[in-house]
Structures are given as C-alpha cells and as structure tokens.
Amino acid sequence: MDDRASWRRMFDAWNEQVGTRLEQVVRTDAFADQASWVAELNRRRTAMAEEFSRRWLHLWNVPAASDIAALKRQIDSLDRQLYKASKMLQEVRDAGDLKRHA
Amino acid sequence: MPETSSATPETYDPAEFARRVQRDIERNFLRFRNGIKLARGSHKPGLGLTPKDTIWTYDKMQLWRYRSDQRRYTTPVLMVMSLVSRSYIFDLRPGNSLVEYMLKRGFDVFVIDWGIPDHLDADNSISTYTDDYLPRAVDVILRTTGADDITMNGYCFGGVLALMHVAAHPEPIRNLITMATPVDTTAMGPMTNMTAEGRIDPETLIGDDGNVPASVIESGFKMLKPTGEIADYVNLWDNMWNDDYMESYQAMTTWGRDQIPFPGAAFLENVHLFGRQNLLKSGTVPIGGRPVHLADITCPFLSIIGEKDHIVPMAGAQGLADLVGSTDKSELIVTSGHVGLFVGRSAQKKTLPPLCDWIERHSERRP
C-alpha cells in the first residue's frame, strides 16, 4: 500500500513528468546555445555598465572598481611569482642541507 | 457456487483513521522541533570524524593517514578527490563512511585534501597535481609505511588526475581504481556543452583571483537537475520528523554546498583538453608538455560506474578499461548515483564490499 500523503504523490508525479523533461532539455544543444547567449548578453551588459561608470568616475579622478580589480590582479600575480621563487629557494636550500648531512 | 471478488472495498476504519491522525500529530511536532534545530543551525552532525593524523602538508595540500590498529594489508590505499569538492565526503559520518569501512576491512587508508585554492594556486595546471603533488604524496606514503607500492583510488575528476599520474609515473602504483570518472566528455551534458567551441568562453568564468569561483561550480551542478533543489526541500519536509534523515540531510547538504574554487589554469586545460577535444577518449593527453598515454597504465585496474549518475552519466564513464594497457582490468556498474557510489546504506551493500574485495585480492597481506 502506498503510504505517501496525497500532496507527496502529486509532487512526485509532477517531478516525474516535469523534472525528467527539464533534465533532458538542459542536455540539449539548443539549451546550451540559448544559455550561453544569455550569459554572453549578461557579460556584455555588465561590461558596458562598468565602462560607463569607469568613465564617469575617471572624470572626477576617482578610481573605479575595475581599476582596483586590475591592480589586485597585478598584485596577485606578483604574489604568485614571489611564492614560487621562495618555494624554489627553499627546495634548493633543503637539497643543500641534505647533501651536507650526507 | 456464487463468484466472489478477492478485492476488498475500501472501508472507513475509525481505528485506522485515529492511528493516522495520531501519527501525523506526532510527526508534525517532530517536524517543528527539527525545523527549529535546522533554522538555528545547532545540532549539525560532525563530519569527517574518523581519527586521523596529518602526516604531510605541501602548499595547501594535506595528506591524512587514518588511525587503525587492525591493519591487515601492507599495501596502503590513497584516495584522490576531485578539485572542486571537499575530501571529507570519503569520511562523511560515522556509519556512513568509505574510510571507516576500509579501515574495518584492514586497509591502511590515506586521503589527500587539496585545500581551498586562492590566488596563489591560480597557475596550478593539471600537471601540478599529476607530476608534482601526487608523486610527492606517494613518496611520503611509501616512506611513512615502508611499503613498496600503493593502491590509488580516484573519485570523479580525482580519477582523471589519478589516471594521468599513473600513466606518467607507473611506478610505484600497484593498483588503480577510478570511481565515477569521466572518459567521454561528449556524453557529459551541460557541464561540457556550455563551454563548447562557440559557446561560453571559459576565460569569462574565471574570477578576479584567477580561479573559477565556487558559486559557478555550484550553479553548474544545480543546472544538471533543474528541479533537484525543490525535490530536496520536499523530501526534507516529508522526512523532517526523522532524526536519522535530518542528520544525513544536513551532512549531505553541507558537503554539497561546500564547493571550492577550480584553479584557473587547470580549469582551462580541462575545458580545452577534455571538454572540447575529448582527448581522454583518444587515450593520449598532452600534460606537462609531453603526451601521456593511458595505454601505459599496466597495473590492475578497476573502474566503478554509477548507473544513475547524473553528473558523470554511464555513457560518459564507460570504456575507460578499454583504454588502459592493463591485462587485469574490470568495470563495475552499480545502481547508484554520483555520490551514492560510496555514501549511503545502498553503497554499504552494493559498492563497498566488491570494492574492498577487489583491493584485498590485489594487496599484499601483512606477514
């Protein structure tokens, strides 16, 4: 005997129909085309808004969020290079210690 | 003799009606109590509780060895996690843990936790993991245990990392196991479809720190089951009275929402090499500036595939055994989903026993 409540049976029936179909839809090429088109549209819209606010802020000699982001990316990149260099140095030092002990 | 019907017509049974009303009242009271606990955030189940030692750290990576006084095999087992999820899924909760099960079966279990990548890891390529991190971790395990070789078990994209590692560095891997590991990315659905040539430029998914944000990864997983979240809430309401269910629910949702950023360079390589060119299926992948051939994997190989896996569908995971060069190779198909392969009651009956039997057959016993 099905012990599920009637609301649960209704939901399961709906999910069986709609959920399964939606899962098939998101796996289609048409969905991927549409979704990537929407994503691209959003990206362009954001880029345009950023460009507009950057120009406006630059008029007043105020740095925009994108300037800060660009600066942060540069600092991050520098930080990465420093980290790699210090890691390499440490390894060379460790190898030297090993040789001395040997 | 007159014909009688075996079907009994539905009759109103006052006793049954009263029993149901009483049950619903009790359940609603328990739902209310558990709902408050959930909203308050108290009573969160402990995750990854099996006692362990961090035996080595390197960059953000940690290597854990689980404590055990019943090790019966000298061949250690190393579990390799994907780059976008946390590795405590291997040891989710007491009684529902792959690690705990393997320890009971007498294995010496190690887990790699990649840590949470930040801007310092944005340049990590697939080669960073397969040619630097994994060989170092294997070396540490061999030195710690005194073993000559190990069994490597990779889950999901961790399986891809394990494959690439073993193909490039066959020694000292005694056995290789992959679980829910993709090989044919054309069958992967939206995860690879969305970043196919002419669609979303993968560079645009990379955040300011040089990695793909965890929120993007989470949306990608959610997209695969559009009604999944609603179904989860419906299941939650339906079972909120059940304390065991609540613990499992909280454990799984905590892990499911605990995605981590995908290191930018590795993500771009993943899209170009696996997603767009489907090179894993061809058997040869350029990693770290040289071709890595899956045919160079000659150790015993086991591929475990979930029949109901919606993240790495069966069609996308089958055929891996045909690409490796091992003579002792097999594919185990289990009726379960992506995580259900090794988490949950069904896994304890369907996947873990054959998995551990296979490792036992291919491991060296302690004298």
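Chain letters run A, B, ... following the sequence lines, proteins first and then strands; every chain starts at 1.
Within the 4.5 angstrom heavy-atom criterion, atoms from both the backbone and the side chain of Asp59(B) approach chain A. Interface remark: Ala35(A) contributes backbone and side-chain atoms alike to the contact with chain B (heavy atom separation under 4.5 Å). Contacts of Met188(B) with chain A are made by backbone atoms alone, with heavy-atom separations under 4.5 Å and no side-chain atom involved. Looking at Trp14(A), only its side chain comes within 4.5 Å of chain B, counting heavy atoms on both sides. Using a 4.5 Å cut-off between heavy atoms, Ser77(A) does not touch chain B at all. Of the atoms belonging to Glu40(A), not a single heavy atom falls under 4.5 Å from chain B. Both the backbone and the side chain of Asp29(A) come within contact range of chain B, each with at least one heavy atom under 4.5 Å from a heavy atom of that chain.
For Lys87(A), the NZ atom is densely surrounded, since the number of other residues' heavy atoms within 6.0 Å is greater than 12. Other residues, nucleotides and ligands contribute over 12 non-hydrogen atoms within 6.0 Å of the CH2 atom of Trp7(A). Counting non-hydrogen atoms of neighbouring residues, nucleotides and ligands closer than 6.0 angstrom, the CZ atom of Arg21(A) reaches no more than 12 such neighbours. Under a cut-off of 6.0 angstrom, the local environment of CE in Met10(A) is sparse, with at most 12 non-hydrogen atoms contributed by other residues, nucleotides or ligands. Around OH of Tyr58(B), the count of heavy atoms belonging to other residues, nucleotides or ligands within 6.0 Å exceeds 12.
The pair Arg136(B)-Glu91(A) meets the salt-bridge criterion, with a side-chain N (NZ, NE, NH1 or NH2) lying under 4.0 Å from an Asp/Glu carboxylate O. Ion pairing between a basic and an acidic side chain is recognised when a charged N comes within 4.0 Å of a carboxylate O; Lys72(A) and Asp209(B) show no such pairing. A salt bridge between Asp33(A) and Arg199(B) is present, with a side-chain N of the basic residue lying under 4.0 Å from a carboxylate O of the acidic one.
Here CD of Glu23(A) is found 4.0 Å from NZ of Lys225(B). Values are rounded to the nearest 0.5 Å. For the atom pair OG of Ser66(A) and CG of Asp208(B), the computed distance is 10.0 Å after rounding to the nearest 0.5 Å.
For chain A, the option among Ala196(B), Gly210(B), Pro190(B), Gly198(B) with the highest count of heavy-atom pairs below 4.5 Å is Pro190(B). Taking Thr195(B), Thr204(B), Thr227(B), Asp24(B) one by one and counting their heavy-atom pairs under 4.5 Å with chain A, the maximum is reached by Thr227(B).
Of residues 228-238 of chain B, those residues with a non-hydrogen atom less than 4.5 Å from any non-hydrogen atom of chain A are, in numerical order, Ile230(B), Ala231(B), Val234(B), Asn235(B), Trp237(B), Asp238(B). Interface with chain A: from residues 118-127 of chain B, residues His119(B), Leu120(B), Ala122(B), Asp123(B) qualify, criterion being any non-hydrogen pair under 4.5 Å.
Pairing each heavy atom of Asn193(B) with each of Arg27(A), the nearest pair is ND2-O, 3.5 Å.
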